[in-house]
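Here is the structure we will look at, set down as structure tokens.
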Amino acid sequence: MRSQQRGCAFFNSQRLMRPFNFSAGPATIPLEVLNQAAKEMSDWHGCGMGVMEMSHRGKEFISIYEHAESLFRELLSIPEHFKILFMQGGGLAENAIVPMNLSRAGEVDFILSGSWSEKSFKEAARYCSAQIAASSQSSGFHEFPDPSTWQLSSKAQYVHVCTNETIHGVECNTLPDLKSMGTEAPLVIDFSSHVLSRTVDWSKVGLAFAGAQKNIGPAGLTIVVVREDLLGHALSVCPSAFNYQTVAKNQSMYNTPPTYGIYMAGLIFEWIKQQREDDSTGVLALQKRNALKAKLLYEAIDASAFFSNPVSPKARSLMNVPFFLKDPSKDALFIQRANERGLLQLKGHKSVGGMRASIYNAMPLEGVQALISFLKEFESHFA
Ligand code: PMP
């Protein structure tokens, strides 16, 4: 491919440095990880095969799978009574798979905090009696609904929360403690867009799912973490390959799992394990770094008269930062100049417009600093 066609002057100019990629997903992956995968592409650890060419039942791939699974458990301190499932289908498929496995076709409570929880609610309604227990729609989804306002049903089979709304940039910063709110219903979280960016209190969670394409690796892999006692109640319409109990019994090998995605996830888990920030390592180190990155970016946006973020400060996502230009006629110019500076994929989601900087784990502090300098410069020239 000729460099011109890539549409990025920064990339074209000698390739001295990789551009910073702010895509909401599929998203940037650490260069070290990509380089290692490239090195191992045609011959993994001297076995004469690339990972994509291996049987998922062979000893080589089984070792890759077990390594990835145990690292994921270790990084997020997942207790033994939770199963970790490596599936296909992405977050949207889970919107059907979760109710098919957990709802018993009964009532389910949904907390609406943005587009993704809304989609989960609508899809689940095909399999169960889906109810809205709380919604921040009237605020334009600029808040996370306060748990003290949730109207939970005593009959709910589970309560669904999207803990990071990728489009609206709203994050649930403290998981609700459903027990203390008077319900035994398990909490189901869609943590697709902030998985591994922070620790999880598993005592509050029944099931968590995440598509891989933000903080885990390439699209195509979906990770489900499910408490063992919730298995075994799938509706008869549930496809066998999506029955959590079947998947768990077969160590995620009931059907062919997304093998390359699992391998890449394992490399990323190793990268996470090596991260250091002061005296913290792994996810805790990333949590600190992510907090700093987001603080600097929100501070820069708030200090500007030209850029703004509408989300209430206590609900602002540390991963996805939507922002708007005061003069939207400059949106296209902003994107063009950003590309020229090697700041890629800043266009906001089409449903809300504006811009969005996704600053996942693999976005270094330097990327956020480069974006902030660019915001200031753009404002001084074009405001
Ligand atoms: N949930 C969240 C929070 C997401 O951000 C996304 C994708 N951006 C999805 C679900 C849907 O994922 P997929 O496209 O992999 O089905």
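Numbers here are sequence positions counted from 1. Note that ligands are numbered from 1 as they come in the structure, with each ligand's atoms numbered from 1 the same way.
The shortest separation from a heavy atom of Ser192 to ligand 1 is under 4.0 Å, placing the residue in contact. Using a 4.0 Å heavy-atom cutoff, Lys214 is listed among the residues neighbouring ligand 1.
Checked against a 6.0 Å centroid threshold, the rings of Phe374 and Phe334 count as neighbours. Aromatic ring centroids of His56 and Phe61 lie 6.0 Å or more apart.
With hydrogens and angles left out, the side-chain atoms of Ser280 and Asp278 include no donor and acceptor closer than 3.5 Å. Between the side chains of His45 and Glu60, no donor-acceptor pair is found at a separation under 3.5 Å.
With rounding to the nearest 0.5 Å, the separation of CD1 in Ile64 from CE in Met54 is 4.5 Å.
Residue Gly90 places no N or O, backbone or side chain, under 3.5 Å from any N or O of ligand 1. The distance criterion of under 3.5 Å between nitrogen or oxygen atoms is not met by Ala93 with respect to ligand 1.
Every atom of ligand 1 is numbered from 1 in the order shown, and the set under 4.0 Å from a heavy atom of Asn164 is 3 (C). Near Thr166, meaning under 4.0 Å from one of its heavy atoms, ligand 1 places the atoms 2 (C), 3 (C), 4 (C), 5 (O).
Under the 4.0 Å criterion applied to side-chain N and carboxylate O atoms, Arg341 and Glu377 are assigned as salt-bridge partners. Salt-bridge check for Lys288 with Asp279: passed, with a basic side-chain N closer than 4.0 Å to an acidic carboxylate O.
Nearest non-hydrogen protein atom to atom 16 (O) of ligand 1 is Leu92 N, 2.9 Å. Nearest non-hydrogen protein atom to atom 11 (C) of ligand 1 is Trp116 CZ3, 3.5 Å. Ranking protein heavy atoms by distance to atom 1 (N) of ligand 1, first place goes to Asp190 OD2, 2.6 Å. Looking only at heavy atoms of the protein, atom 13 (P) of ligand 1 is closest to Gly91 N, 3.6 Å.
When non-hydrogen atoms are compared, ligand 1 lies under 4.0 Å from the side chain of Gln213 (C-beta onward) but not from its backbone.
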